[in-house]
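Okay, structure first, notes after.
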2 protein chains.
Amino acid sequence: MYQPHQLRLQNRLLRALDPDDYRLLAGAFEPVQLTLGQHLTEANQPIGHAYFIEEGLVSLLADTMRPAADRVEIGIVGYEGMVGVPLLLGTDRSPHVALVQTEGRALAVPAPVLDEALGMSRTLRGALGRYVQSLIVQVGQTVYANADFNIEARLARWIVMAQDRLGRDELPITHEFLSLMLGVRRPGVTTATHTLEGAGMIRAQRGRITVLDRDKLLALAAASYGLAEAEYERLLKEG
Amino acid sequence: MYQPHQLRLQNRLLRALDPDDYRLLAGAFEPVQLTLGQHLTEANQPIGHAYFIEEGLVSLLADTMRPAADRVEIGIVGYEGMVGVPLLLGTDRSPHVALVQTEGRALAVPAPVLDEALGMSRTLRGALGRYVQSLIVQVGQTVYANADFNIEARLARWIVMAQDRLGRDELPITHEFLSLMLGVRRPGVTTATHTLEGAGMIRAQRGRITVLDRDKLLALAAASYGLAEAEYERLLKEG
DNA sequence: ATGGTATTGTACGGTATCGCACGTTATATG
DNA sequence: CATATAACGTGCGATACCGTACAATACCAT
């Protein structure tokens, strides 16, 4: 059995749990590696585990029941969150896909264990429910970003969000993937990347983007960034 | 006290509740009128009541902490749903605004009553949680629609969604408002409206759009419509 | 070292949508 | 009935982004 001390974990949700609530889950932790391209959940298939991310980056994609290529990213999850939100909401599946963007680690909790724990603890429901709330805000901000901001601003937003959720400055990501994330052409990402690099915001290498000047990125992303993140921090403290 | 029989209500969530769960809420119902332009909830202000919509249409807007005009619609709610989702998720506020688009009626439930009822009933948590899930999918589809579909398709999507949630063919809505909903210029709505009218899909009058041929609208909206609605129906039956 | 493959760079015509400005028409108000 | 006002219609140059195509480069595997 793997039952690490709560405060040795990276996952911010687990760290913030009431110790009693933590114990309800910790006994069932299954540490798993997250490998690039892995699907943690499939569209409309039973979700067997919730995944509390310890390290790495996971994209939530709308499946859209269409040719593969026009899936769009609706949210991202890192060590601040979890995958498997439908399990918190009384169902075992959703039409979304959870795709590992950057390899890492997670603690998996079997759905029945989570379910029982939720039934026993109001505070656990609150803590994880508030995470759902922050995720809704994040998806809402993505709607806003796609409606009112150009590619460069959205790229800046994505980079900063990924930096937050990955906890480091080096983001392993290709233009191809970014074009999917942002819902734009791949060459559009290339030129936008050049602009950001020319402005000293990032350094771009093959398959990697490194944040050089976060403040400048924030200025470019402007109001497309920040609201969801502020809401997350507020909600985490509310517990 | 106003405590109507469950099956005399319009609201689909309330109708689908387990009768025991219904009773937990029904004693506290406060019938309210929804008037055009009214804010049911304000950004970052305490949410005093949940509103189960009986009639009318409510838009959820991302507040975006910016000049008034660039708020964007992230979701809509009619008699199939409720306003006040954060109350289900362990918090009393959110950075979104709930704006009445079409006048109607709702049953308001004080937050403390809802909270207590949720604490007492796992099935109630499940039923309302599944609505949250359907709302997440709806917002996700809005991301997808804005990313991959032109104004005409998005207009068709919005019209059909509004028709669903209002339960009638006549939609009282101005181009000005639609431009806000779709995140586009107001004249862009005007010309798109003409296209749809020319194709016999709708009839447009001042401040009113009437659905004439829903099937054609569905064909135009294509994959931007349907996923969230299918998910809603699936989840409602799961209870 | 070499060839193959994934990734990135560049180009170019086409178009959806924008921003802005100003008519025009319908409905409400006195 | 007259007038105001809200809503809708139209025009036009600008531009961000698209679709497509292809070239160049970095990395990987044999």
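Letters go in sequence order (proteins before strands), and every chain restarts at 1.
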Under 3.5 Å, side chain of A/Ser94 to main-chain N/O of A/His96, donor-acceptor pair present?
yes
Expressed in angstrom and rounded to an integer, what is the separation of A/Leu182 atom CG from D/dA16 atom C1'?
15 Å
Output yes when at least one side-chain N/O atom of A/His194 is less than 4.0 Å from OP1 or OP2 of C/dT8, else no.
no
Taking the side chain of B/Asn150 as its heavy atoms from C-beta onward, which of D/dG11, C/dT17, D/dC8 lies nearest to it?
C/dT17
Residues B/Glu231 and A/Arg93 bridged, charged N to O under 4.0 Å
no
Phosphate contact (D/dG9 OP1 or OP2) by B/His175 side-chain N/O below 4.0 Å
yes
Taking only nitrogen or oxygen atoms into account, show me every contact under 3.5 Å that the protein makes with nucleotides 22-30 of chain C, one pair per line with its distance.
unit_1	atom_1	unit_2	atom_2	d
C/dA26	N3	B/Arg206	NH2	3.4

Between B/Thr174 and A/Gly188, whichever has its closest DNA chain D nucleotide further toward 5' is B/Thr174
Closest listed nucleotide, where the reference is the side chain of B/Arg154 and the choices are C/dT17, D/dT10, D/dA21
C/dT17
Whole Å only: how far is the CZ atom of B/Arg208 from the P atom of D/dC8?
12 Å
Taking five pairs at each end of the helix from C/dA1-D/dT30 to C/dG30-D/dC1, what angle separates the two helix axes (nearest 10°)?
40°
Please give, in whole Å, the distance from C/dT8 C1' to A/Leu196 CG?
16 Å
Under 3.5 Å, is there a donor-acceptor pair linking the side chains of A/Tyr225 and A/Asp164?
yes
Tell me the interatomic distance from A/Leu178, atom CG, to C/dA6, atom P, rounded to whole angstroms.
19 Å
Taking CZ from B/Phe177 and C1' from D/dC8, how many angstroms apart are they, rounded to a whole number?
16 Å
Looking only at the side chains, is there a donor atom on one of A/Arg186 and A/Thr190 sitting less than 3.5 Å from an acceptor on the other?
yes
Would you say the side-chain atoms of A/Arg15 pair up with the backbone N or O of A/Leu9, donor to acceptor, closer than 3.5 Å?
yes
Considering heavy-atom distances to DNA chain C, does A/Glu176 or B/Val184 have its closest nucleotide positioned more toward the 5' end?
A/Glu176
Modelled atom types, side-chain donor and acceptor of A/Gln10 and A/Glu55, under 3.5 Å:
no
Does A/Ala199 offer a backbone N or O that forms a donor-acceptor pair with the side chain of A/Lys216 under 3.5 Å?
yes
For B/Asp169 and B/Thr210, indicate whether the former's side chain and the latter's backbone hold a donor-acceptor pair under 3.5 Å.
no
Got more than 12 heavy atoms from elsewhere within 6.0 Å of CD, B/Glu103?
no
Using whole Å, report how far CD1 of B/Ile209 lies from P of D/dA7.
14 Å
Starting at atom CG of B/Leu155, determine the distance to atom P of C/dT17, rounded to an integer number of angstrom.
11 Å
Would you say A/Arg185 reaches D/dC18's phosphate, i.e. side-chain N/O to OP1/OP2 under 4.0 Å?
yes
Let me know which of A/Glu233, A/Glu54, A/Glu80 forms a salt bridge (Lys or Arg N to Asp or Glu O under 4.0 Å) with A/Arg12.
A/Glu233
Please tell me which of A/Thr190 and A/Ala147 maps to the more 5' nucleotide of DNA chain C, matching each residue to the nucleotide holding its nearest heavy atom.
A/Thr190
Expressed as a whole number of angstroms, how long is the span from A/Leu180:CG to D/dC18:P?
13 Å
Of A/Ile151 and B/Ala204, the one whose nearest nucleotide on DNA chain D sits closer to the 5' end is B/Ala204
